[in-house]
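Along the sequence shown, residues carry numbers from 1.
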Amino acid sequence: MMMMMMVSMSFRLFFIVLVLCGVAFTRTTSAFVVGVSSSSCTFHRGLFSTAAAPSTDSLLSPEYEIEPISTRIGHGFDIHRMAPIEEAGQPVVIGGVTIEHKDQKWTDKDGTYVEKGGIYECQLGVVAHSDGDVIYHSVVDAIFGALTLPDIGQVFQDTDPRWRGCDSSKFMEHAYDVMDGYGYRIGNIDVTLILERPKVASFKPAMKKNIVELLRTTPGRVNIKARTHEKMDSVGELRSLSCHVVLTLERKKEEE
């Protein structure tokens with residue numbers, strides 16, 4: 001009888017040790033997981049096994065501590081080539097808004113459509129692996145930068161077929177989850193959009209609304225400015241557009 005009791009107690013102790021080890025393992029492997037479907041580019045957060053973790057997850061969960069300082073500052077930049085829409089294969093999308101426009105005077109540097117260096121009047125599109133949204137990409141880049149994480153191009157590589165044609169609002173949603181997971185919220189965002197044409201002044205309110213909603217902040221924390229490049233270089237020739245974003249992140253209070 002004594003022998004059976006000792007065996008039973010040993011088994012119970014062994015079981016408790018296994019449970020405790022399992023809890024410890026779960027805590028040490030918590031991270032941001034990218035769950036993807038080719039049609040919707042959806043994301044989720046969860047747990048993963050270290051051996052099976054895709055590189056994106058480890059990039060967003062570094063080994064070093066992301067210290068809980070009260071304010072963080074990030075800068076993001078993006079640039080994409082513009083081309084006739086028949087070449088680009090997709091429209092100009094900025095801040096989640098499709099920019100409807102009349103035909104523009106695009107400089108054909110290579111002589112593909114008219115004589116080399118001539119002007120080709122056409123509808124413009126953005127050449128990119130995803131939808132080429134320079135504002136969204138710059139905001140995501142700034143959030144990652146503020147958190148001392150890798151740049152957006154390293155996290156969402158343009159050689160990865162998962163992101164082909166992806167709606168960049170999905171990147172924004174994922175950036176919000178990462179920011180929130182580390183205990184931060186938007187302090188303020190200042191966007192500087194740089195393009196010669198098409199004009200975007202009438203689209204800025206919709207862009208701002210999209211950013212406010214995606215990052216769950218308020219209009220008083222988001223600003224969008226736009227300027228031309230004075231007809232200089234590729235931006236001035238309507239062959240590209242770019243964007244700079246500076247933002248701050250605030251540490252959330254315990255009750256939030």
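Put simply, CD on Glu173 and CD on Glu213 are 11.0 Å apart, with the number rounded to the nearest 0.5 Å. Atom OG of Ser242 and atom CD1 of Ile79 lie 5.0 Å apart (nearest 0.5 Å). Atom CG of Leu249 sits about 11.5 Å away from atom CG of Asp180, to the nearest 0.5 Å. Taking CD1 from Ile189 and CG from Leu215, the interatomic distance works out to 5.0 Å, rounded to the nearest 0.5 Å. Separation of atoms CZ (Phe203) and OG1 (Thr98) is listed at 9.0 Å; rounding is to 0.5 Å. Rounding to the nearest 0.5 angstrom, the gap separating the CZ atom in Phe77 from the NE2 atom in His137 is 13.0 Å.
Residues Ile186 and Phe171 are members of one and the same hydrophobic cluster, defined by side-chain heavy-atom contacts under 4.5 angstrom among Ile, Leu, Val, Met, Phe, Trp and Tyr. Val235 and Val245 are not part of a single hydrophobic cluster, where members link through side-chain heavy atoms under 4.5 Å apart. Note on Val212: it clusters hydrophobically with Met207, by side-chain heavy-atom contacts below 4.5 Å among ILVMFWY residues. A single hydrophobic cluster is not seen to contain both Leu241 and Val93; linkage of ILVMFWY side chains at heavy-atom distances under 4.5 Å, directly or through other members, places them apart. Using a 4.5 Å cut-off between side-chain heavy atoms of Ile, Leu, Val, Met, Phe, Trp and Tyr, with links allowed through other members, Ile119 and Met232 fall into different hydrophobic clusters.
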Between Tyr176 and Leu214, does the side-chain contact (heavy atoms from CB on, under 4.5 Å) criterion hold? Intermediate values first, please.
CA-CA 8 Å; Tyr176 172 83; Leu214 285 167; over 6 Å; no
Between Ile66 and Thr148, is a side-chain contact (heavy atoms from CB on, under 4.5 Å) present by the stated rule, with each step listed?
CA-CA 7 Å; Ile66 296 181; Thr148 71; 4.1 Å; yes
Show the numbers, then the answer: is there a salt bridge (Lys or Arg N to Asp or Glu O under 4.0 Å) between Lys105 and Glu237?
CA-CA 8 Å; Lys105 295 180 179 180; Glu237 295 175 348; over 6 Å; no
Could you go through Thr217 and Ile211, starting from their C-alpha distance and side-chain angles, then the distance that decides it, and tell me whether this counts as side-chain contact (heavy atoms from CB on, under 4.5 Å)?
CA-CA 8 Å; Thr217 185; Ile211 294 172; 5.5 Å; no
What verdict does the side-chain contact (heavy atoms from CB on, under 4.5 Å) test give for Val178 and His174, after you've listed the backbone C-alpha separation in whole Å, the side-chain angles of each residue and the deciding distance to 0.1 Å?
CA-CA 6 Å; Val178 173; His174 193 57; 4.2 Å; yes
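Within the structure, salt bridge (Lys or Arg N to Asp or Glu O under 4.0 Å) contacts touching residues 83-103 (residues at least two apart or in different chains) are Arg81-Glu87.
In terms of heavy-atom proximity, Glu230 sits nearest to Glu196 at N-OE1, 3.4 Å. Heavy-atom minimum distance, Ala83 versus Ala88: O-CB, 4.2 Å. Scanning all heavy atoms of the two residues, the minimum distance from Gly132 to Gln90 falls at N-NE2, 4.4 Å.
Screening Asp131, Ile224, Ile135 for a side chain to side chain contact (heavy atoms under 4.5 Å, CB included) involving Ile94 leaves a single residue, Ile135.
At least one side-chain heavy atom of Met172 sits less than 4.5 Å from a side-chain heavy atom of Val139. Using a 4.5 Å cut-off on side-chain heavy atoms (C-beta onward), Asp141 and Ile143 make no contact. Side-chain atoms of Asn188 and Leu247, non-hydrogen and from C-beta on, never get closer than 4.5 Å to each other. Between Leu149 and Tyr182, some side-chain heavy-atom pair lies under the 4.5 Å cut-off.
Checked against side chain to side chain contact (heavy atoms under 4.5 Å, CB included), Arg197 has the following partners two or more places apart in sequence or in another chain: Gln104, Lys199, Leu238.
Applying the 6.0 Å contact sphere to NZ of Lys209 captures no more than 12 heavy atoms from other residues, nucleotides or ligands.
Checking side-chain atoms of His101 against main-chain N and O of Ile99 turns up a donor-acceptor pair under 3.5 Å. In this structure, the side chain of Arg185 does not engage the main chain of Lys252 through any donor-acceptor pair within 3.5 Å. The main-chain N or O of Met82 is found under 3.5 Å from a side-chain atom of Trp106 such that the two form a donor-acceptor pair. Although no hydrogens or angles enter the test, the distance criterion places a donor-acceptor pair under 3.5 Å between the side chain of Asn210 and the main chain of Gly95. Side-chain atoms of Asp78 never come within 3.5 Å of backbone atoms of Cys243 as a donor-acceptor pair (strictly under, hydrogens ignored). Remark: the backbone N or O of Thr112 is not paired with any side-chain donor or acceptor of Asp110 at under 3.5 angstrom. A distance-only check finds no donor-acceptor pair linking the side chain of Thr71 to the backbone of Glu250 [under 3.5 Å]. Under a 3.5 Å cut-off, the side chain of Asp108 and the backbone N or O of Gly117 do not form any donor-acceptor pair.
Tyr120 and Thr107 form no side-chain donor-acceptor contact under 3.5 Å, judged by distance and modelled atom types alone.
Taking a cutoff of 4.0 Å between a charged side-chain nitrogen and a carboxylate oxygen, Asp190 and Lys225 qualify as a salt bridge.
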